[in-house]
2 protein chains.
Amino acid sequence: MHGTAEQDILCRTDLFRGLSPDSLRALRRSATRRRLATQDPVFHQGDRAETFYVVAEGRLRVTQTTADGQQVIIRYVGPAELAGLAVLAGDDLHPSTATAVADSEVIGISRAVIREIMARHPEVAMNAVSVIAARYREMQQRLREMSTQNVERRIAHTILRLAREAGRRTARGIEIAFPLSRQDLAEMTGTTLHTVSRTLSAWEGRGLVDSGRRRVVVRRPHELAMLADAAG
Amino acid sequence: MHGTAEQDILCRTDLFRGLSPDSLRALRRSATRRRLATQDPVFHQGDRAETFYVVAEGRLRVTQTTADGQQVIIRYVGPAELAGLAVLAGDDLHPSTATAVADSEVIGISRAVIREIMARHPEVAMNAVSVIAARYREMQQRLREMSTQNVERRIAHTILRLAREAGRRTARGIEIAFPLSRQDLAEMTGTTLHTVSRTLSAWEGRGLVDSGRRRVVVRRPHELAMLADAAG
DNA sequence: CGATCAGTTGAAAGTCCTCAACACAGGTGG
DNA sequence: CCACCTGTGTTGAGGACTTTCAACTGATCG
């Protein structure tokens, strides 16, 4: 059962798109599966980059910590997405930390195996180029947001993005389907948890969102999007 | 003469490292060379991504413009570096604009050619992964700076980076070897030209830098680095 | 030599952060 | 079962940092 799910996940990733069933089977044999509880670490910033991971189920948070201990969230990684891209590039060390934010299952693939696959199957190497280029573009967009938008718009954009990636339709609106605290949002938008709290309170007063302890529901996505695209 | 220089540049890029002399010769034949004067555009945000460029000489500025016309500088690109990475990933459109900031020479390579080379020579595709991953890491670092540091430290980091990439030793200190205005620095650090001007004036008063019309010289790199790494 | 571009600086205003105090939920252990 | 402890969230007050607005200076270029 799980074996099948695993293969499904692998062939549904952008990275392995187009790889032959035979190669996928071989890959699956050399991959390791790991179950994670909430808060379990996958790898740490500064670890040797020996293995990267495909998320089969659940969600990881990828963070970087500065010399003086401040943390920023680079990204959340969901099913069929990758964590540990440094391994694809052959870098020595993981530049970031990955942690499960929900019960998760990941498939680990070693540097040796993926490098060999890329060397033998150029289409996989070219997929890797596309995957990393997509992340690069994402990062450019966030940099642009950080450079040009005020805090409120950045929070709005961030919540809308998360709702798109990990939203669950409910009676009350679109619920972000993993625990998300004020502090988390602050680390994604370059602000403080206090400012996030004030902003969400204001939105709650206007009926745009409904939020509480590590929980955010977007009640009026369209109005929130208007706010995100307004000047300022 | 130029032919030789051109081949030198191509085989000195990280992208084509390890490619055989024969393939390099073939590549050189299908590449186009273009001379650019200061301010000449190379490609525009939104253009079809048909060609990417290796800088043979000079320097390009890569920017993104927001819907409301604000500009941010993604990066400066110097000799042996690439502009137009979207082409490598097979994306449809250039997400950014590249412009010469000095008299330059670039070598253009079409999407069809590079995709074919990557398909035939997996080592080039893997090089491409490394090149883009390095850019991704750079972008992560800048995002972290934007998220956690005040304006003064961001400007300090930015100037030190430019001095490292494009610095020229002079009697007075390390001079950034291309025209760089207050506005440019503002677009790299997410602030305004006024704040950059005030900051540089203060530094000038302390003898850290020497700057003027589109010109920055770092007089005391070490002290500037201390400032860049201090808290705040 | 006039027009334009780049830079400087003061004053006022605004955004956002810091500090502080409190509220509330959920789990733990007595 | 309840008291406590910790993690999370809220909100006020004050202040720091940065922007905005404005006026001015000097350099560059046709």
Side-chain angles (χ1 to χ4, degrees), chain A residues 37-39 61 66 68-73 99 101 145-156 158-159 176 178-206 209-217 227 230-232, chain B residues 37-39 61 68-73 99 101-102 145-156 158-159 176 178-206 209-217 227 230-232:
Chain A
T38 301
Q39 302 211 17
R61 177 178 52 206
T66 64
D68 55 324
Q70 285 180 91
Q71 204 175 66
V72 306
I73 296 179
T99 314
V101 295
E145 282 180 14
M146 286 293 302
S147 299
T148 62
Q149 300 177 353
N150 65 15
V151 170
E152 186 177 30
R153 285 183 69 184
R154 298 205 302 267
I155 298 174
T158 300
I159 287 181
I176 293 174
F178 59 88
L180 183 71
S181 69
R182 307 296 185 251
Q183 178 67 35
D184 292 331
L185 280 167
E187 290 175 5
M188 274 188 280
T189 53
T191 182
T192 61
L193 71 95
H194 306 92
T195 299
V196 172
S197 179
R198 283 181 232 274
T199 304
L200 290 184
S201 293
W203 289 350
E204 193 132 12
R206 296 167 52 188
V209 301
D210 174 12
S211 74
R213 198 186 173 76
R214 314 225 282 159
R215 192 181 55 82
V216 178
V217 180
L227 202 159
Chain B
T38 300
Q39 301 212 21
R61 178 178 51 208
D68 55 323
Q70 285 181 89
Q71 204 175 67
V72 305
I73 296 180
T99 315
V101 296
E145 284 178 13
M146 287 292 300
S147 299
T148 64
Q149 301 178 352
N150 64 14
V151 170
E152 186 177 31
R153 284 183 68 186
R154 299 204 302 267
I155 298 173
T158 299
I159 288 182
I176 293 174
F178 58 89
L180 182 71
S181 70
R182 306 296 184 254
Q183 178 68 34
D184 292 331
L185 279 167
E187 289 176 5
M188 274 188 278
T189 54
T191 181
T192 62
L193 71 96
H194 306 93
T195 299
V196 172
S197 178
R198 284 182 233 276
T199 303
L200 290 184
S201 292
W203 289 350
E204 194 132 11
R206 296 168 51 189
V209 303
D210 173 12
S211 74
R213 199 183 173 77
R214 314 227 283 162
R215 190 180 58 79
V216 178
V217 180
L227 202 160

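Naming: A, B, ... by sequence-line order, numbering from 1 per chain. Note that the structure is a prediction, hence the values are computed from the model and not measured.
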- Query: Residues two or more places apart in sequence or in another chain: which of them pass side chain to side chain donor-acceptor pair (under 3.5 Å) with A:Ser211?
  - Reply: A:Arg182, A:Glu204

- Item | Interatomic distance, B:Thr148 atom OG1 to B:Arg154 atom CZ [nearest 0.5 angstrom] | 9.0 Å

- Message: Rounding to an integer number of Å, can you tell me how far B:Asn150 CG sits from C:dC16 P?
- Response: 16 Å

- Message: Nearest to the side chain of B:Thr192, heavy atoms from C-beta on, is which of C:dT8, D:dT19, D:dT10?
- Response: D:dT19

- Note on the structure: Note: A:Gly190 and A:Met146 closest approach over all heavy atoms is CA-CE, 4.2 Å

- Message: On the nucleotide C:dT8, are OP1 or OP2 found under 4.0 Å from the side-chain N or O atoms that B:Ser197 carries?
- Response: yes

- Give me the residues of residues 179-190 of chain B where at least one heavy atom lies under 4.0 Å from an atom of DNA chain D, by number, or none. B:Gly190

- B:Ser201 side chain: which of C:dT9, D:dT18, C:dG7 is closest? C:dT9

- Item | Atom-to-atom span, CZ of A:Arg215 to C1' of C:dA25 - whole angstrom | 13 Å

- Judged by atom type as modelled, is there a donor-acceptor pair below 3.5 Å linking the side chain of A:Arg61 to the main-chain atoms of A:Val101? no

- To the nearest 10°, let me know how far the axis at one end of the helix from C:dC1-D:dG30 to C:dG30-D:dC1 is tilted from the axis at the other, five pairs an end. 30°

- Task: Kindly say if A:Thr195 contacts the phosphate of C:dC17, meaning a side-chain N or O under 4.0 Å from OP1 or OP2.
- Result: yes

- Walk me through it: do B:Trp203 and B:Ile159 pass the test side-chain contact (heavy atoms from CB on, under 4.5 Å)? CA-CA 12 Å; B:Trp203 289 350; B:Ile159 288 182; 3.9 Å; yes

- Distance in angstrom units between B:Gln70 CD and D:dT20 C1', rounded: 13 Å

- When the distance from CD of A:Gln149 to C1' of C:dC16 is rounded to whole Å, what number comes out? 16 Å

- Task: Measure the distance from CG on A:Asp210 to C1' on D:dG9 and round it to the nearest whole Å.
- Result: 14 Å

- Query: From A:Ile73 CD1 over to A:Asp184 CG, what is the distance, rounded to the nearest 0.5 angstrom?
  - Reply: 4.5 Å

- Any residue meeting side-chain contact (heavy atoms from CB on, under 4.5 Å) with A:Arg153, in chain and number order, not counting sequence neighbours: A:Gln149, A:Asn150, A:His157

Can you check nucleotides 25-30 of chain D for protein contacts, nitrogen or oxygen pairs under 3.5 Å, and list what you find?
from	atom 1	to	atom 2	distance (Å)
D:dG26	N2	B:Arg213	NH1	3.2

- Atom-pair distance (CD1 on A:Ile155; P on D:dG9), nearest Å: 13 Å

- Message: Surrounding CZ of A:Arg206 (heavy atoms of other residues, nucleotides or ligands, distance under 6.0 Å), is the total greater than 12?
- Response: no

- Item | Nearest-0.5 Å distance, CG of residue B:Leu227 to CD1 of residue B:Ile155 | 10.5 Å

- Between A:Leu200 and A:Val209, the two heavy atoms sitting closest are O-CG2, 4.1 Å

- Task: For A:Leu200, answer base if it contacts any base atom (sugar-phosphate contacts may also be present), sugar-phosphate if it contacts only those atoms, and nothing otherwise; contact means non-hydrogen atoms under 4.0 Å.
- Result: nothing

- 5'-most contact on DNA chain D: A:Glu204 or B:Val151, nearest heavy atom basis? A:Glu204

- Please round to the nearest 0.5 Å and tell me the distance separating atom CG of A:Leu185 and atom CG of A:Leu193. 10.5 Å

- Task: Find the distance B:Arg214:CZ to C:dC5:C1' and express it as a whole number of Å.
- Result: 9 Å

Between the protein and nucleotides 19-22 of chain C, are there any N/O to N/O pairs under 3.5 Å, and if so, what are the atom names and distances?
none

- Item | Heavy-atom pair of closest approach, residues B:Thr199 and B:Glu152 | CG2-CG, 4.1 Å

- Rounded to the nearest 0.5 Å, what separation is found between the CE atom of A:Met188 and the CG atom of A:Leu180? 5.0 Å

- Note on the structure: Rounded to whole Å, CZ of B:Arg153 lies from C1' of D:dT18 at a distance of 17 Å

